[in-house]
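Residue numbers count from 1 along this sequence.
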Amino acid sequence: MDDVMSGYYVGIEGDLKANENGMLATAGDVGIFLRALNDESVFGEGEQEIYSSIYVYEHGGLVPGYQSLAKYYKVIDAVVVQLINTTDFNGYEWNLSEIIISRIAKILKNEKI
């Protein structure tokens with residue numbers, strides 16, 4: 001637990017990292033898994049096409065004190081992972097996260113050109 005970032009939520013006293021909500025993963029681990037879902041290395045022959053018709057392989061989630069957003073951008077072959085150690089359930093931080101991750105992808109796209 002010493003390596004886990006503390007989580008905070010306005011109105012809740014104390015550190016939320018010991019709560020049993022969600023799962024623990026590093027940004028690197030999330031990126032590796034998300035890339036594998038999108039580059040067909042997780043699925044057997046023909047499975048990628050089936051699952052891709054149903055699912056979009058990205059991640060977004062929040063629990064008190066933590067928020068994460070991860071997207072794979074095929075056109076630039078990049079995964080962007082964003083982990084935040086605070087949340088609000090009014091949507092302000094989530095909307096801000098969506099804007100930030102889009103801008104990061106735009107910067108990466110411009111660098112690849």
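Using a 4.5 Å heavy-atom cutoff, the side chains of W94 and Q67 are in contact. In this structure, V79 and K71 have side chains that are not in contact, with every pair of non-hydrogen atoms separated by 4.5 Å or more. Considering only heavy atoms from C-beta on, L37 comes within 4.5 Å of F43 through its side chain. You'll find the side chain of T26 stays beyond 4.5 Å of the side chain of V30, heavy atoms only.
For N95, the CG atom sits in a packed shell: over 12 heavy atoms of surrounding residues, nucleotides or ligands are nearer than 6.0 Å.
Looking at residues two or more places apart in sequence or on another chain, you find no side-chain hydrogen bond (donor to acceptor under 3.5 Å, both in side chains) involving T86. D77 is linked by a salt bridge (Lys or Arg N to Asp or Glu O under 4.0 Å) to R35, counting only residues two or more places apart in sequence or in another chain. Every residue two or more places apart in sequence or in another chain was checked for a side chain to side chain contact (heavy atoms under 4.5 Å, CB included) with I32, and none qualifies. Residues passing the salt bridge (Lys or Arg N to Asp or Glu O under 4.0 Å) test with E47, sequence neighbours excluded: none.
Placement of I101 and I76 within a single hydrophobic cluster is found when ILVMFWY residues are connected by side-chain heavy-atom separations under 4.5 Å, directly or transitively. Linking Ile, Leu, Val, Met, Phe, Trp and Tyr whenever their side-chain heavy atoms come within less than 4.5 Å puts V80 and I100 in one cluster. When hydrophobic clusters are built by joining Ile, Leu, Val, Met, Phe, Trp and Tyr residues whose side-chain heavy atoms come closer than 4.5 Å, directly or via intermediates, L62 is grouped together with Y92. V75 and I104 fall within a single hydrophobic cluster, where Ile, Leu, Val, Met, Phe, Trp and Tyr are joined by side-chain heavy atoms under 4.5 Å apart, directly or via other members. Cluster annotation: Y73 and I107 are assigned to distinct hydrophobic clusters (Ile/Leu/Val/Met/Phe/Trp/Tyr, side-chain heavy-atom contacts under 4.5 Å, transitive).
Here the OG-CD distance, from S41 to Q48, works out to 8.5 Å after rounding to the nearest 0.5 Å. Atom CG of residue L24 and atom OH of residue Y66 lie 8.0 Å apart, to the nearest 0.5 angstrom. Atom NZ of K74 and atom CG of D39 lie 10.0 Å apart (nearest 0.5 Å).
The minimum heavy-atom distance linking L69 with G60 is given by the pair CD1-CA, 4.0 Å. Contact detail for A25 and L83: the closest heavy-atom pair is O-CD1, 4.2 Å. For the pair M5 and N85, the tightest heavy-atom approach, listed with the atom from each and the gap, is CG-ND2, 3.5 Å. Here the shortest heavy-atom pairing between V81 and A70 reads CG2-CB, 4.1 Å.
Contact check on E111 versus K106 returns no salt bridge, with no Lys/Arg side-chain nitrogen under 4.0 Å from an Asp/Glu carboxylate oxygen.
Sorted by first then second residue, the salt bridge (Lys or Arg N to Asp or Glu O under 4.0 Å) pairs that include residues 53-70, not counting sequence neighbours, number zero.
Checking Q82 against S97 by side-chain atom types alone, a donor-acceptor pair falls below 3.5 Å.
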Could you pull out all donor-acceptor pairs under 3.5 Å where a side-chain atom in residues 8-18 meets a protein atom, sequence neighbours excluded?
unit_1	atom_1	unit_2	atom_2	d
D15	OD1	G7	N	3.3
D15	OD1	K17	N	3.0
D15	OD2	S6	OG	2.7
K17	NZ	M1	O	3.0
K17	NZ	V4	O	3.4

